[in-house]
Each structure stands twice: as structure tokens, then as C-alpha cells.
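Input: a single structure, listed below in C-alpha cells.
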Amino acid sequence: MFDLKRKVALVTGAGSAEGIGFATSRRLLAQGAALTITSTTDRIHERAAELAGDRVFASICDLRRYDNAAKLVEQVIAHFGQIDILVNNAGMVQSGSKELLAGFDTLTQEQWDSEIELNLKTCFNVTRAAIPHMITAKYGRIVNVSSVTGPIASNPGMSAYSAAKAGMVGLTRSLALEVGKVGITVNAVAPGWIQTASSSEREIEAGRNTPLGRPGTPEEVAALIVFLCSAEASYITGQTIVVDGGNTVQEYKGAGDFV
């Protein structure tokens, strides 16, 4: 449906075979885009091998540092000559680390800084490096993978993560206003309970209590992301679109029916 031939996409946080980043990468490639994927470990080369072809380039990169992000964008330009699409999916947790759950009264400065770096600064770094190229080309699609956690809802012990993901939404809106007139759209998606390789049984059970009765899949989030990357979404910008099976619109979230 969405013709992305002659477009070049960069997807961050694509290292997990069962994650949103890799599901998005598969769909972008299937729609004709050339593709750069990145993660912090060498498993990104395994993902590239699964995708295969001369339209795929993989790079190991820690995006918490701006110079690394700038070098990554330079690699994309050197390899493909342009950058049209940016999907900021890096965040949540890095490979080999655990999700932070800490009450605000015990949260350390180091924990706070780490969550902001991982979930917000990475988005800033890559976007800041890529946006001048898009402005010059007078074309761009930026999609930030936020979360319902922060912009819309939250959970105990997740104040730092919530602040970072809410910050992504604020960045999305402000940047959309700045670059809309030069042909660049900027949107965010806010996934709810999505079943990935890192999902706990508790999270999967939470997904079963959504109106649709199940957690979502990375492919369902990826479908929305690819739409927002397409020409068909040319009049959508500054928006945050929730993908949560209706979970945040229901007041009663307990087991069984309310009535």
C-alpha cells in the first residue's frame, strides 16, 4: 500500500528479533525503503543478515552520546546519499540491563540521568543530527516511539521513565511546528501492553485485561509507524497516536467484566 521506493530510513533500537524496531524495519524494507538499523550490541548484524540485501546497512552505536549519533547519520548519508525517514525507537532498556522500578523517594540522580539519557536524549541526539539533512532536502518523516507510560498514564516506580517518554511527546509537538513548512512531519506513537521478548508474565496478563483481551504485537505498532512514514500520512503532524487495544479509555481494568 505504501510505496517507499527511493526513500532511506534509519531505525534505532532494532536489535531485538521480537521488538518494535525490527518489526518496523521489516515493514519499511518490504515497502521499498533502503534501511539503516542500529543497536548497542553486535546482534544488530544478526538482524541485518535476516533482512539481507544491499538495501540494508547495520551499525553498532550508543546513541546516548551526540557525537556517536552524528557519526551514525554521516554513515547513512555516505552509504545511501540521503536520509528521509527516522524512527526513534531506542530506549526502554539496553540489552543486558533490567527495567528500572524505583520509588521517587529512593530514586538516585544516577538512575534519573540514566533513564533520561536512554529514553529522551537518544531521541534528541539522532534527530538533531538528522534534521539538517531533511531541511536541506525539504522532506522528512520522523516517528518517535514514546509510550502510554508518561504522556497518558503511569505506573508506580516509573517516574523517570514516564518523564522521559512524556518529554518525547513534547519534543514531537514543538519540532513539528518548526519544520512543517519545509515538508517534514513529526509524530509519536504510544504503545501500551505490547508482547515482546522482554515482556514479563505480569505485563502479558495486563494485556489480557485490555478491551481487546490480549497484548498487542510489535507488528501492529510497526504498521502504524510505517503509515506515518508514508506519503499517505502527509497531512498528519505533531500527533501522538495510542496503540494499546483501548486500555487507556477503559475506567475499569480489573479481571472479568464490569457489568
Side-chain angles (χ1 to χ4, degrees), residues 2 4 9-31 33 35-41 43-44 46-48 50-51 56 58-59 61 63 85-97 99 115 118-120 122-123 126-127 141-153 158 161-162 164-169 171-172 186-200 203-204 206-207 210 212 214-230 233 239-248:
F2 310 126
L4 296 176
L10 168 59
V11 181
T12 70
S16 171
E18 293 84 25
I20 292 171
F22 190 55
T24 300
S25 300
R26 286 196 303 265
R27 282 183 174 264
L28 288 169
L29 191 66
Q31 300 307 131
L35 184 66
T36 296
I37 55 175
T38 184
S39 74
T40 57
T41 68
R43 65 178 180 171
I44 198 65
E46 297 174 15
R47 303 290 83 76
E50 291 174 42
L51 296 172
V56 180
S59 179
C61 191
L63 299 172
I85 295 166
L86 171 60
V87 179
N88 284 306
N89 177 67
M92 188 66 181
V93 294
Q94 283 187 310
S95 178
S97 63
E99 180 182 11
E115 288 292 287
L118 185 61
N119 292 290
L120 181 56
T122 53
C123 176
V126 187
T127 305
R141 296 283 186 269
I142 299 173
V143 182
N144 297 324
V145 181
S146 180
S147 174
V148 295
T149 308
I152 297 163
M158 299 189 74
Y161 177 82
S162 296
K165 289 300 188 180
M168 287 184 78
V169 170
L171 172 61
T172 297
V186 190
N187 291 289
V189 299
W193 299 116
I194 307 299
Q195 186 168 352
T196 67
S198 62
S199 296
S200 67
E203 290 170 331
I204 294 170
T210 65
L212 294 186
R214 61 173 177 84
T217 67
E219 289 73 19
E220 288 171 317
V221 182
L224 173 59
I225 294 171
V226 172
F227 167 66
L228 293 172
C229 292
S230 71
Q239 303 305 305
T240 300
I241 304 176
V242 175
V243 190
D244 75 340
N247 194 48
T248 52

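Basis for what follows: all heavy atoms, side chains included, without hydrogens, waters or symmetry-related copies. This structure is a prediction, so every number in the text was calculated from the model and none was measured.
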Pairwise side-chain contact, [X] with [Y], heavy-atom cut-off 4.5 Å (strictly under):
X: T149; Y: M158; value: yes
X: L228; Y: I241; value: yes
X: L86; Y: V143; value: no
X: V11; Y: L28; value: yes
X: N144; Y: V186; value: yes
X: P191; Y: V148; value: no

Handout entry: Approximate separation, where rounding is to 0.5 Å, of W193 CH2 and T248 OG1
Key = 12.0 Å

Inspect the contact between [Y] and [X] and indicate whether a charged nitrogen and a carboxylate oxygen are less than 4.0 angstrom apart.
X: E219; Y: R26; result: yes
X: K165; Y: E115; result: no
X: E46; Y: R43; result: no

Practice task
Would you sort out whether T127 and N88 count as a side-chain hydrogen bond (donor to acceptor under 3.5 Å, both in side chains), showing the intermediate values?
Solution key: CA-CA 8 Å; T127 305; N88 284 306; 2.9 Å; yes

Completion exercise
Residue set satisfying side chain to side chain contact (heavy atoms under 4.5 Å, CB included) with L171, at least two apart, ordered chain then number -> C123

Handout entry: Under 3.5 Å: donor-acceptor pair, side chain of T12, backbone of N89
Key = yes

Problem - Expected output: side-chain N187 to main-chain Q239 donor-acceptor under 3.5 Å - result: yes

